[in-house]
Amino acid sequence: MMWTSHPVNKITGTLRAPGDKSCSHRALILGGLAKGTSEISGLLEGEDVLNTGRVMAALGAEVDRVGEGAWRVTGVGSSGLKTPNIDLDFGNSGTGSRLMLGVVAGYPIKARFVGDASLSGRPMGRVLDPLQEMGITYEASAGKTLPLTLSGRSDLRAIQYQPPHASAQVKSCILLAGLNADGETVVRESRITRDHSERMLRGFGAEVSTVRDGAANVVSIRGGQKLTAQETLVPGDPSSAAFLAAAAMISERGGVVVEGMMSNETRDGFYRAASLMGAHVGAEDVGDAAGERLIDMSFESADLHGAEIPVDLVPSMIDEFPILAVLAAHAAGVTVVKGAEELRVKESDRISAVVNMLRVNGVQVEETEDGFVVEGCDGAIPGGGLVESHHDHRIAMSALVMGTASQKPVSIDDASMIATSYPDFMHHMQVLGADLRSGQA
Ligand code: S3P
């Protein structure tokens, strides 16, 4: 499924941001555990999220689509999860699989977790090790990867844990296990990561305490608390909106408004980094949803310059480095990314995938262990390359955005993975004026 993005001189328009992927997973999971029926609207109907819905149904929740982005979930409540009679298939999703390992851990059931080739290569030891400390047993593939079978238990032990990596998936997995453990589970993260689990657990009626200690963040949850069904409006996804924002910023004539986006300091690093590079980002408060502030954001063409991206922004823009690399390639001067070694274990090795994406399009870039250094083309990215997406949706979308403002078209080898997180991406980009066509240039 090759696609090509041909250069255009204008990217303009107003769009509603697609539902946030992280909040969509959590809405289905918490709704599926709660007592009663939750009504969810604005759900992202991407493959990753749909897989989480199927998994909750296999574990006993009733999960029904009642309209576009509208879902009704009747949770298992106090009767608990049932042993699934199928494998739990998470497709491409690290979030779905890692959060659900924590959920299954707290019930006396056995379940087999499987996923696609990319997910089956990703490390699960980061969640299996703390879960084992809490009392679960498991049999995993070599290197603690999927496929794996986990046996949970009803008498999990609460733990105090300091994850070695900045990871919201690890934090969330342990908190979800902690919800069913004996005692108080505490996660101390040395740098705060996205906090949607904490906010949404509170929304579903659990008490979760959060104490900031400088850059560190300490989250505690008492076991045995019950969740109650909620009405949830999923806020717009700042990670998906970043592609539209970047397309406007690098366009000769760019002017894009994205409505209904989540404003959360644990997710807005890309917008802060883009501002450091000279972008003008406007924001207007428009209400709230799922415990988050909502904003309409506006973006326009900018004279971008390179920058050293502050390391403390890394966790709040961890999914945005491929698209930041496109801004860096377009900018004048050098951009340096450091402290982002977690990119090596995403849907692909995103450091090497980003470096290849830029190189095949004539951009000078140096790969480092924990990041990359880009020599910007000052508005004149050569383009003309065929980018290997490595089954990574964010690489595929970044390359297509790059093609909108390159001198020659940019092609990708495979667009199919875009459906995991942003099924309307092609359509949205075309609405804004991008010239995207199937096939190679
Ligand atoms: C996510 C956490 C991040 C992020 C992923 C979504 C989440 O992963 O990359 O896309 O919803 O908790 P890590 O926890 O591995 O950093």
Side-chain angles (χ1 to χ4, degrees), residues 20-31 33-34 94-106 124-136 152 156-228 230 232 235 238 262-269 288 290-293 312-319 342:
D20 184 68
K21 182 151 75 81
S22 295
C23 293
S24 295
H25 282 293
R26 287 156 172 85
L28 291 173
I29 293 172
L30 300 183
L33 293 174
T95 306
S97 53
R98 293 192 178 120
L99 267 55
M100 287 307 300
L101 284 165
V103 169
V104 170
M124 293 294 152
R126 53 181 57 199
V127 289
L128 291 171
D129 294 348
L131 290 178
Q132 199 171 30
E133 233 183 275
M134 297 176 87
I136 61 114
L156 278 189
R157 293 181 291 275
I159 53 167
Q160 301 209 347
Y161 193 68
Q162 185 156 354
H165 319 274
S167 167
Q169 292 174 0
V170 172
K171 169 176 66 176
S172 304
C173 168
I174 299 169
L175 293 177
L176 287 165
L179 187 62
N180 273 328
D182 289 334
E184 188 168 51
T185 293
V186 181
V187 181
R188 183 186 169 88
E189 44 182 6
S190 42
R191 272 190 276 156
I192 189 166
T193 61
R194 67 188 69 195
D195 59 356
H196 312 305
S197 296
E198 297 88 306
R199 289 170 188 252
M200 291 181 71
L201 277 163
R202 286 189 197 110
F204 278 78
E207 271 177 43
V208 180
S209 107
T210 311
V211 180
R212 293 292 284 273
D213 177 5
N217 182 40
V218 184
V219 188
S220 316
I221 188 164
R222 191 171 22 82
Q225 302 189 66
K226 300 288 170 234
L227 304 180
T228 311
Q230 294 300 311
T232 304
M262 170 202 302
S263 165
N264 176 321
E265 60 155 358
T266 65
R267 292 290 299 282
D268 67 2
D288 46 68
E292 307 280 357
R293 298 293 310 151
D312 59 6
L313 285 187
V314 169
S316 63
M317 58 180 294
I318 193 64
D319 291 337
E342 272 295 293

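All residue numbers refer to positions in the sequence shown, counting from 1. This is a predicted model, so every value here is computed, not measured.
For the pair D20/E292, no side-chain contact is recorded, criterion being any heavy-atom separation below 4.5 Å from C-beta on. Looking at N264 and R293, their side chains never come closer than 4.5 Å, going by heavy atoms from C-beta outward. In this structure, I29 and L33 have side chains that are in contact, with non-hydrogen atoms separated by less than 4.5 Å.
Side-chain contact of S197 with R26: a donor-acceptor pair under 3.5 Å is present, judged by distance alone. Side-chain contact, R202 with T210: a donor N or O sits under 3.5 Å from an acceptor N or O.
Closest approach of T193 to A166, counting heavy atoms only: CG2-C, 3.7 Å. Pairing each heavy atom of A158 with each of M134, the nearest pair is CA-CE, 4.5 Å. Nearest heavy-atom pair across L131 and A177 is CD2-CB, 3.7 Å. A105 and I136 make their closest contact through CB-CG2, 3.5 Å (heavy atoms, listed as atom of the first residue, atom of the second, distance). Taking every heavy atom of both residues into account, V314 and R191 meet most closely at CB-NH1, 4.3 Å. For P164 against Y161, the heavy-atom pair with the smallest separation is CD-OH, 3.7 Å.
Between the CD atom in E184 and the CD atom in E207 there is a gap of 10.0 Å [rounded to 0.5 Å]. Atoms CG and CD, from L30 and Q230 in turn, are 10.0 Å apart once rounded to the nearest 0.5 Å. Distance check: L176 CG to L201 CG gives 6.0 Å after rounding to the nearest 0.5 Å. Separating the CZ atom in R194 from the CZ atom in R267 is a distance of 4.0 Å, to the nearest 0.5 Å. The OG atom of S172 lies 5.0 Å from the CG atom of L99; values are rounded to the nearest 0.5 Å. To the nearest 0.5 angstrom, M262 atom CE is 11.0 Å from D268 atom CG.
At least one donor-acceptor pair closer than 3.5 Å links the side chain of R157 to the backbone N or O of E133. Side-chain atoms of R199 come within 3.5 Å of backbone atoms of G291 as a donor-acceptor pair (strictly under, hydrogens ignored).
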Hey, mind stepping through L227 and L179 against side-chain contact (heavy atoms from CB on, under 4.5 Å) and telling me if it holds?
-> CA-CA 9 Å; L227 304 180; L179 187 62; 3.9 Å; yes
Residue pair V219, K171: steps toward the side-chain contact (heavy atoms from CB on, under 4.5 Å) verdict = CA-CA 9 Å; V219 188; K171 169 176 66 176; 4.2 Å; yes
When you look at V127 and Q169, which way does the side-chain contact (heavy atoms from CB on, under 4.5 Å) test go after all the steps?
-> CA-CA 8 Å; V127 289; Q169 292 174 0; 5.8 Å; no
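Looking at R126 and E342, a side-chain N of the basic residue comes within less than 4.0 Å of a carboxylate O on the acidic one, giving a salt bridge. Ionic pairing of D319 and K21 is not present here: no N-O contact between side-chain nitrogen and carboxylate oxygen is shorter than 4.0 angstrom.
The side chain to side chain contact (heavy atoms under 4.5 Å, CB included) with N217 is formed by just one residue from the set I192, V211, T266; it is I192.
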